[in-house]
Every structure is written in structure tokens, then in C-alpha cells.
Amino acid sequence: MDLRLALIDTAWTLAGIVAIVVPLFVAVAYLTLWERKLIGWIQIRIGPNRVGPLGLLQPIADGVKLLFKEIILPTNASKGLFVLAPIMMLMPALAAWAVIPFAPELVLADINAGLLYVLALTSFGVYGVIIAGWASNSKYAFLGAMRSAAQMVSYELAMGFALVVVLMVSGSLNLSDIVAQQGRGRFADMGLTFLSWNWLPLLPMLVVYFVSGVAETNRAPFDVVEGESEIVAGHMIEYSGMSFALFFLAEYMNMILISALTAILFFGGWQAPVSSALFDAVPPFLWLLAKMFVIVSMFLWIRATFPRYRYDQIMRLGWKVFIPLTLVWIAVIGLWMQTPWSLWQ
Amino acid sequence: MLETIVFYAFAAILLGAALRVITARNPVHAALALVLAFFTAAGIWLLLRAEFLAITLLLVYVGAVMVLFLFVVMMLDVNLERLREGFWKNLPMAVVVGGIMAFELVAMLASRHFGSATSTRVVPAGYSNTRELGRVLYTQYVYAFEIAAVILLVAIIAAIALTLRRRKDTKALDPALQLAARREERVRLVSMPAETER
């Protein structure tokens with residue numbers, strides 16, 4: 001009897017995982033198309049428009065192409081690790097979605113230490129890069145991996161400190177509680193919920209978190225890891241076909257994840273910006289999706305706008321600007337919370 | 001029942017990974033096996049409902065320490081023959097130290113004096129591991145905690161002071177100077193008549 005209950009429970013969890021992962025893969029596929037379209041428009045081009053109406057079948061064509069390409073194992077590569085690397089890259093990108101609350105009560109694993117869990121999982125992504133760089137037995141790949149390791153470890157610190165501030169004002173590590181907490185306050189009572197969200201009082205932390213997120217996902221302008229002009233494609237240079245596609249998938253999935261986290265931690269997650277009859281009628285998860293869409297488009301906008309950072313400037317920004325800034329802001333918020341003017345009771 | 005199965009599976013993986021750490025010929029493989037060992041240890045802690053400790057283990061050791069470790073190990077050209085040289089000479093000492101450690105562990109786990117092995121307290125629903133840990137750490141053990149923090153700070157400063165050197169030949173640029181550069185200081189527009197070929 002107990003076993004049957006456990007089995008049903010497991011089946012529900014598996015169904016939940018499928019319900020998250022399948023739309024996620026579709027989202028990644030269409031994010032690549034949206035990226036090419038948006039950057040095309042920004043640069044006054046049309047973007048892909050040949051495959052299907054408006055180019056809508058382009059991601060599927062790309063996927064089929066990658067599936068049919070041969071996967072080449074370099075002769076002197078460390079075989080097992082070479083195959084393991086893309087998996088190590090994709091695994092944390094997928095696993096972190098377990099604790100993302102899509103709507104009130106709509107979360108796969110409502111765990112107490114959700115924020116810590118996300119922080120821990122996003123820090124594993126670097127293993128895929130390092131292992132890929134080392135196992136490829138190629139100088140370019142190795143250089144890319146070293147750059148990436150240094151960059152990701154540096155920005156993780158700033159990111160972690162920014163999250164500490166969010167944790168301080170929320171008083172909880174549970175992501176659902178963090179969202180719920182943002183719906184309380186003077187402005188929320190007046191119906192202007194969007195002024196109660198964390199982005200306003202924690203604006204510097206939002207900037208630090210988002211920029212660190214761009215650096216953490218190795219996106220432009222922090223993409224020295226795969227800088228074409230210097231090290232060709234960095235850690236991915238020896239990968240082809242589907243094994244390359246896994247890196248690609250992981251990168252885009254991480255982008256969506258950072259967008260989701262930014263929306264949840266700073267922009268009130270599933271909450272409507274203004275509480276009115278019309279806005280409240282929209283299902284909560286659509287609000288989250290809308291916010292994620294805007295933030296993920298910011299990633300693309302940034303890529304189309306800024307030239308690549310120089311490597312020493314990246315390191316300087318992380319260590320000498322962001323980390324001191326976050327440390328000071330932790331103290332400022334800590335003191336603010338002790339005063340009678342504290343917004344977070 | 002299910003928990004027991006998961007525990008034994010994790011324990012088996014943990015022991016296997018730990019064995020690989022000391023038997024792997026390639027230091028990078030050994031370091032990666034250590035990562036796996038940390039990971040499974042965190043899994044076992046999660047089974048004990050110590051989620052804060054488990055995730056902190058992952059965050060600190062897997063997420064940061066081992067990355068830097070791998071960073072160094074991959075860059076070094078480790079000579080395996082040199083590493084194996086002193087094996088037989090150091091073996092007796094290692095056996096003694098290992099024996100003492102094993103004895104201490106067994107004594108600790110088997111004895112009833114410490115009472116650590118048999119804690120099956122049921123926790124209430126809204127129980128947050130992190131909150132409880134923070135409460136104890138910042139009230140009951142606040143002095144010990146502060147002393148540990150100061151010791152770590154001293155260690156950080158010492159490590160930086162030992163490795164900091166100012167190189168004369170470095171070509172690092174000061175960003176402030178770069179930003180302060182004005183067009184007038186660098187570029188001069190010269191107006192001159194066009195020279196035509198005769």
C-alpha cells in the first residue's frame with residue numbers, strides 16, 4: 001500500500017518534470033530564432049525568413065541539421081570526460097528549474113533552501129566548461145576553459161552577495177515566500193504592486209545581479225570564453241553535431257533561468273504589476289512568462305549593442321567594482337532594516 | 001525502506017569515488033572523483049534533512065574550492081613517478097595516522113556517550129534548518145563564530161600579502177587614466193593644401 005502511494009507520487013513528479021522540460025526545450029529552440037530575428041531588426045536586417053512562414057521552422061531545421069552531423073572524437077582526447085562534459089553542462093541548467101515557482105503553489109519542489117539550491121546548481125555549470133576544455137586536449141579549448149573558470153567563479157561571488165541582500169529583506173530562502181513577500185507593503189496596499197517589488201529598493205543589486213548573470217552565462221559582452229577572434233570557440237572548439245548542440249542548449253537554458261530568477265527575485269515573480277480586475281484575471285504564470293520574455297530580450301539587446309569586454313576589464317569589474325559594491329550594500333540594507341523606516345517588517 | 005535503499009546506493013558511490021581519488025593515475029581524474037564524492041556526501045546529508053549543510057557543502061567545495069583545485073591541477077605538469085617515489089618510506093607513518101583516525105571515528109560512532117548516532121527527532125512542518133542554524137550560530141556560539149571569522153580574515157590577508165608582488169614590467173593599464181584621456185591630447189588636425197601630381 002505504502003509502495004503504491006510512493007509510486008503514484010513518483011509518477012506525478014515525473015509528469016511534473018516532463019511538463020517543465022518539454023516547454024523549456026521548445027522555448028530554447030524559439031529563443032534562438034527570436035535572437036536572430038531581434039538582432040536582425042536591431043541591425044536593420046530581416047533575419048531568418050526562408051524556412052517556413054516568417055522563418056518559424058528555422059529552429060527545427062537547425063535541430064535536424066545538428067542531429068545528422070557526425071560527432072567527432074579527437075584522437076588524443078580523454079574519451080569518457082569528453083562525452084561527459086556536455087552532460088555536465090546541461091544537467092545543472094535543467095535541475096535548477098525544479099524550485100522555480102511558476103505561480104502560487106505551482107512549483108515542482110517547494111523546498112526551504114530554494115535560493116541556496118539555485119545558487120549551488122548554477123555554480124556547477126563551470127564544470128562542463130572546464131572538463132570540455134581539458135578533455136579536448138587542445139590549446140584553444142583549454143585557454144577558453146581557463147578563462148571561463150576564472151570568470152564564472154568571480155561573478156558568482158557578486159551574484160551570491162546580491163542574493164544575500166534579497167534573502168535579508170525577504171527573511172526566507174524559499175522562492176515562493178520571496179515572491180509572496182514582494183506583494184506586501186505600502187504601495188501594494190494602494191494597488192501599485194510593482195512599486196513594492198524588490199527592484200526599487202534594491203536597484204543596485206538588480207544591476208549587479210543582472211550583469212553578473214550575463215557574465216555567468218558567458219554571453220556577450222562577456223563572451224571572451226568563446227571569443228571567435230582570439231580563441232575560435234573556446235571550450236567548444238572540438239565539439240560537433242549534437243554534442244555541440246548540448247552546450248548551446250545549456251547556454252540558452254541558463255539565459256532563460258537567469259531571466260526567471262531575475263523576475264522572481266526582483267520583479268515580483270507571478271504577481272500582476274497593478275492590482276485591478278482586468279490584470280488579476282490574467283493567469284499568474286503568464287505574468288511570470290511575460291517578465292521572463294522581456295528580460296531574456298534584454299540579453300539579446302545587450303548582445304547586439306555592446307562590443308566585447310577586454311579580459312582584464314571583466315576581472316576588474318567583477319572583483320573591484322561589484323564585490324565591494326555588494327558588500328557595502330549589504331551593510332546599508334542591514335542598517336536600514338534596523339531603523340523605523342524599514343520597508344520590510 | 002526507500003530511504004535505506006537510497007542511502008546504500010549513495011554510500012556505495014561515495015566509497016567508490018573516494019577510492020578513485022587515491023587510486024586514479026591521472027590527477028585530474030582524481031580531482032573529479034573528489035567532486036563526485038562531495039556530491040554524494042551532500043546527497044547523504046540531504047537524506048538526514050540537513051539541507052543547509054548539504055547545499056553549503058556543494059556551494060563551497062564543489063562550486064568554488066574544487067574549481068580552483070582543478071584549475072591548478074590542470075595547469076601543472078604533474079610527474080607521477082616523482083609522486084610515487086616516497087610511497088614505501090612513508091607507509092608506516094601513514095598507517096599509524098590512518099589507524100588512529102579510523103579508531104577515533106569508530107569510537108565516536110559506536111559509543112553511547114556522544115549519543116550522536118541515534119537522533120530520530122521528528123521536526124515540525126514549518127521547520128527551517130537554515131533559520132535554526134543561524135539562530136544558534138549568532139546567539140549561543142557567537143564568540144566562537146566571530147573568532148573563527150577573524151582567523152579566516154587573518155589567513156586571507158596573510159595569503160594575499162605573501163603572494164602580492166609589484167612587477168615593474170607589467171603592462172596593465174589604469175582604467176581611470178584611459179577614461180581621462182581627451183581627444184585634444186591625442187589627436188591634432190592639421191590643415192594643409194592638397195598635393196597634386198605633376
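We name chains A, B, ... by the order of the sequence lines, and we start the count at 1 in each one. All values derive from a computational prediction rather than experimental measurement.
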Nearest heavy-atom neighbours spanning B:G63 and A:S123: CA-OG, 3.6 Å
Write down the atom of A:A150, the atom of B:F71, and the distance for their closest heavy-atom approach.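 Closest approach of A:A150 to B:F71: N-CE1, 3.9 Å.
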Pairwise distance [atom1]([X]) to [atom2]([Y]) - rounded to 0.5 angstrom:
| X | Y | atom1 | atom2 | value |
| --- | --- | --- | --- | --- |
| B:L59 | A:L119 | CG | CG | 5.0 Å |
| B:M66 | A:I130 | CE | CD1 | 10.0 Å |
| A:L121 | B:L58 | CG | CG | 8.0 Å |
| B:L70 | A:I131 | CG | CD1 | 7.5 Å |

Checking B:R131 side chain against A:S172 main chain: does a donor-acceptor pair fall under 3.5 Å? no
A:Y127 side chain vs B:V62 backbone, donor-acceptor pair below 3.5 Å: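 Answer holds: yes.
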At a 4.5 Å cut-off on heavy atoms, which part of B:V35 comes close to chain A: side chain, backbone, both, or neither?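 Interface part for B:V35: side chain.
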More than 12 heavy atoms from other groups under 6.0 Å of [atom1] on [X]:
| X | atom1 | answer |
| --- | --- | --- |
| B:F69 | CZ | no |
| A:K320 | NZ | no |
| A:Y309 | OH | no |
| B:Y61 | OH | no |

Answer with side chain, backbone, both or neither: which region of [X] has an atom nearer than 4.5 Å to a non-hydrogen atom of chain B?
| X | value |
| --- | --- |
| A:Y117 | both |
| A:L173 | side chain |
| A:T122 | neither |

Out of the candidates B:V73, B:L32, B:V28, only one should pair with A:W134 under the side chain to side chain contact (heavy atoms under 4.5 Å, CB included) rule; please name it. B:V28
For chain B, which candidate among A:L81, A:D312, A:I111 shows the most heavy-atom pairs at distances under 4.5 Å?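 The answer is A:L81.
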